[in-house]
Amino acid sequence: MISFNATAGRHGTCWRRERALAHLPGPFFLLLTSAWNLWRRERALAHLPGPDHRGLFGGMDFINKKAVHREATKLVNQYGPLFKLRILAFHAVVITDPVLATAVLRSRDLDKMRFQYSFLDPFLGGANMLTGPTDEHWRAVRKAVAPAFSASSMREAFRQVRERSQQLVAILLEAGPGKAHNVDEMLLKESMDVIGAPDCAGLISAPNRAGGDPGAAQNVQALLSSTKEIEMRLAQIFRWWRLWHRDVRQGWLIISRFRAIVQTLLDHIQAAPPTPGSFADLLRRARDPRTGAALSSRQMFPEIAALFFAGIDTTGHTGTFVMYMISQHPAVAAKLAKELEAAGLLVTPARPCPRALEFADLAQLPYLQAVIKETLRLYPPVAVGQIRCNASKDVVLAGRLTLPRGTAVWVPHAALHMAAFNWPQPDAFLPERWLTEEGLLAPDIEYADPALLALPPEWYSPADLAAVAGGSGGSTDGVAASAAARPRRYMPFAEGPRNCVGQSLAKMSLAATIATLLQTFTFRLADEMGGPEGVRAQEHYSLVIGLSEGMLMHLDARPGVTCVAAAAAACG
């Protein structure tokens with residue numbers, strides 16, 4: 001009797017659950033809906049050109065490429081500014097036309113594709129400004145911390161960058177001539193040091209000089225190692241559970257160390273008032289839009305983790321590529337030296353210790369800025385670009401192309417920057433393209449060139465054409481264009497509401513670091529790198545473009561530095 005009642009009770013409970021959940025879709029319905037949406041996307045995009053990916057695993061060979069951004073550029077050169085791509089059941093429309101690409105990234109109907117970034121959430125402690133959807137919480141945090149990267153904040157940050165760069169100069173001088181340095185590792189450490197400087201109170205300090213805090217130096221190395229481990233796990237999906245491999249077990253320890261360091265930083269920020277106006281200070285003052293209360297520790301943790309994770313590699317690797325491109329173009333290096341000498345910033349026999357770089361100098365070095373811009377064109381940090389998705393409804397693009405719900409829209413930055421229909425001589429390193437005849441930065445080069453638009457005219461509305469012509473004050477069919485509406489063909493830090501919040505810090509840090517190093521050194525690629533072919537072979541893409549083994553370079557002291565030890569003591 002007891003057994004019967006227990007069974008009857010279980011049956012009653014099952015019946016109640018079945019009745020309560022009867023209105024929800026079942027597995028068969030979900031499968032049918034997925035098949036229907038797949039068919040709709042396939043049919044809507046059938047007229048677009050693109051590679052013929054047949055079978056269930058179509059396109060997987062593409063995303064498994066070591067340098068997927070290079071493969072995307074090949075496809076763009078083959079199929080043009082608008083084509084389709086399918087990977088498994090994911091349909092993507094690939095766009096490198098500046099007008100359509102800008103519209104996509106500025107659209108409120110297309111949000112960041114969460115599937116692409118959700119894999120980072122477990123490592124970073126949850127969704128954050130980098131990985132999260134564009135919801136009310138994201139907007140509140142973004143608005144709260146944006147002033148940390150204002151022009152006034154950059155003046156204070158500049159002093160930190162200059163101090164770290166001067167320390168780097170002293171270290172290189174002390175090392176003496178002839179040594180090949182891994183400049184990629186050096187600049188990554190400096191980037192970490194700069195990001196942590198305002199709020200970390202010595203908890204993070206790059207191991208630049210003897211006598212520094214070994215614990216702080218170890219924290220820097222641990223954070224750098226953790227970013228590499230996370231990238232490896234993204235590339236090797238099942239890496240995390242292969243515990244019989246020693247490096248996998250070591251990876252778990254590295255991730256644990258990363259989380260412990262972020263928690264220590266969070267505890268420190270909450271215990272002591274951070275630097276006024278800094279990222280941590282503004283994050284503490286941010287409010288949860290749902291409750292009006294300050295963000296909890298659980299909400300702040302992923303934001304701090306993402307700051308270090310996203311900020312280190314972008315600036316560090318880009319600085320490395322700037323140094324590499326200078327080393328490969330002697331005429332460019334000579335023009336940079338001439339510009340620094342004219343400003344009184346270059347080491348010469350008559351001026352062994354020139355004046356220190358000032359914040360105002362950065363705006364007076366247009367050729368250096370052009371070199372950095374051209375390097376960012378060829379090596380945009382997030383070279384694979386942005387992927388947006390219309391998750392909730394169909395979207396019509398340019399009034400002509402219907403994107404059924406669930407279609408991904410991919411704007412690959414590197415391909416956008418390297419397309420022959422967007423740039424003349426796209427493969428050439430030409431800093432001069434960014435300058436006027438007077439040698440000043442040309443303001444219009446970032447924007448679409450009306451003479452290079454590659455799609456048929458019917459794809460562009462009068463407002464689109466007016467926006468493209470806006471740089472010269474032109475208009476089409478009486479429709480005026482505002483500067484904010486102009487489409488871009490250059491977007492190394494993305495575009496629209498999801499652009500890089502820290503791009504002003506990255507730009508300033510790059511210019512200040514490279515200028516400080518150029519004051520004292522010339523750059524020369526080490527023979528061990530195997531020349532440009534060897535560098536290209538090392539190039540890889542995970543979350544940012546980088547080099548698998550770093551970049552070995554010689555930094556040769558300029559002729560004015562006659563005694564490196566004395567110069568280090570005098571100038572350091």
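Heavy atoms only: backbone and side chains are in, while hydrogens, waters and symmetry mates are out.
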* Asked: After noting the C-alpha distance and the side-chain angles of R558 and E341, does the key distance pass the salt bridge (charged side-chain N to carboxylate O under 4.0 Å, His left out) rule?
  -> CA-CA 12 Å; R558 293 188 180 275; E341 185 176 10; over 6 Å; no

* **Chi angles and distances behind the side chain to side chain contact (heavy atoms under 4.5 Å, CB included) call for F90, M113** => CA-CA 11 Å; F90 292 95; M113 189 175 183; 3.6 Å; yes

* Before giving the answer on side chain to side chain donor-acceptor pair (under 3.5 Å), spell out for K74 and Q78 the whole-Å C-alpha distance, their side-chain angles and the decisive distance to 0.1 Å. => CA-CA 6 Å; K74 291 178 183 178; Q78 181 178 357; over 6 Å; no

* Where do D184 and H317 land on the side chain to side chain donor-acceptor pair (under 3.5 Å) test, with the steps shown first? -> CA-CA 6 Å; D184 194 46; H317 290 321; 2.9 Å; yes

* To do: Go through the steps for M551 and Q538 under the test side chain to side chain contact (heavy atoms under 4.5 Å, CB included), then give the verdict.
  => CA-CA 9 Å; M551 180 81 76; Q538 274 205 49; over 6 Å; no

* To do: Could you give me the CA-CA distance, side-chain angles and deciding distance for R159 and E163, then say whether salt bridge (charged side-chain N to carboxylate O under 4.0 Å, His left out) is met?
  => CA-CA 6 Å; R159 288 191 281 269; E163 178 185 341; over 6 Å; no

* Asked: How far apart are the C-alpha atoms of V535 and L525, what are their side-chain angles, what is the distance that settles it, and do they pass the side chain to side chain contact (heavy atoms under 4.5 Å, CB included) test?
  -> CA-CA 10 Å; V535 173; L525 187 67; 4.1 Å; yes

* Output, in order, the C-alpha distance, side-chain angles, deciding distance and verdict of side chain to side chain contact (heavy atoms under 4.5 Å, CB included) for V183 and Y324. => CA-CA 10 Å; V183 296; Y324 166 65; over 6 Å; no

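If you take CG on L105 and CD on Q386, they are separated by 6.0 Å, rounding to the nearest 0.5 Å. The distance from the CZ atom of F123 to the CZ atom of F309 is 8.5 Å, given to the nearest 0.5 Å. Taking CE of M186 as the start and CG of L168 as the end, the distance is 4.0 Å to the nearest 0.5 Å. Atom OG1 of residue T314 and atom CD1 of residue I545 lie 12.5 Å apart, to the nearest 0.5 angstrom. With values rounded to the nearest 0.5 angstrom, W410 atom CH2 is found 10.5 Å from T96 atom OG1. To the nearest 0.5 Å, atom NZ of residue K112 and atom CD1 of residue I387 are 10.5 Å apart.
Considering all non-hydrogen atoms of both residues, V161 and E190 come closest at O-OE2, 3.8 Å. Across A448 and L453, no two heavy atoms sit closer than the pair CB-CD2, 4.5 Å. Between P51 and L75 the shortest heavy-atom distance is CG-CD2, 4.5 Å. Of all non-hydrogen atoms in D97 and A454, the two that sit nearest each other are OD1-N, 4.3 Å. For the pair P426 and A420, the tightest heavy-atom approach, listed with the atom from each and the gap, is CG-CA, 3.9 Å. Residues L435 and P366 approach most closely at CD2-O, 3.9 Å, considering heavy atoms.
Only one option out of H540, E539, H413 pairs with H69 in a side-chain hydrogen bond (donor to acceptor under 3.5 Å, both in side chains); it is E539.
At least one donor-acceptor pair closer than 3.5 Å links the side chain of R433 to the backbone N or O of Q425. Remark: the backbone N or O of H417 is paired with a side-chain donor or acceptor of R377 at under 3.5 angstrom. A donor-acceptor contact shorter than 3.5 Å is absent between the side chain of E185 and the backbone of N182. Between the side chain of E495 and the backbone N or O of T102, no donor-acceptor pair lies under 3.5 Å. Using a distance-only test at 3.5 Å, with no hydrogens or angles considered, no donor-acceptor pair links the side chain of R86 to the main chain of H91. Side chain of Q160 to main chain of V194: no donor-acceptor pair is present (N/O by atom type, distance under 3.5 Å, no hydrogens or angles). Between the side chain of R162 and the backbone N or O of L357, at least one donor-acceptor pair lies under 3.5 Å. Here the side chain of D361 pairs a donor or acceptor atom with the backbone of E358 at under 3.5 angstrom. At distances below 3.5 Å, at least one donor-acceptor pair connects side-chain atoms of R489 with backbone N or O atoms of I445.
Ring orientation note: the planes of H329 and F429 are tilted relative to one another, at an angle of 30° to 60°.
Side-chain atoms of S165 and L517, non-hydrogen and from C-beta on, never get closer than 4.5 Å to each other. No side-chain heavy atom of V382 sits less than 4.5 Å from a side-chain heavy atom of F493. In this structure, L505 and S153 have side chains that are not in contact, with every pair of non-hydrogen atoms separated by 4.5 Å or more. With a 4.5 Å cut-off on side-chain heavy atoms, I326 and L518 count as touching. Side chains of E229 and I255 form a contact here, defined as non-hydrogen atoms less than 4.5 Å apart. Between Q519 and V169, every side-chain heavy-atom pair lies at or beyond the 4.5 Å cut-off. Under the 4.5 Å side-chain criterion, counting only non-hydrogen atoms from C-beta, L555 is in contact with F523. Side-chain contact between L362 and F158 is present, with at least one heavy-atom pair separated by less than 4.5 Å.
Under the 4.0 Å criterion applied to side-chain N and carboxylate O atoms, E339 and K335 are not assigned as salt-bridge partners. A salt bridge is absent between R486 and E446; no separation between the charged side-chain nitrogens and carboxylate oxygens falls under 4.0 Å.
Aromatic ring centres of W434 and Y490: separated by under 6.0 Å.
No more than 12 heavy atoms of other residues, nucleotides or ligands shown are found within 6.0 angstrom of CG on D527. Annotation for R155: atom CZ does not count as buried by contact number, only 12 or fewer foreign heavy atoms lying within 6.0 Å.
Of the N and O atoms on the side chains of Q166 and T516, not one donor lies less than 3.5 Å from an acceptor on the other residue.
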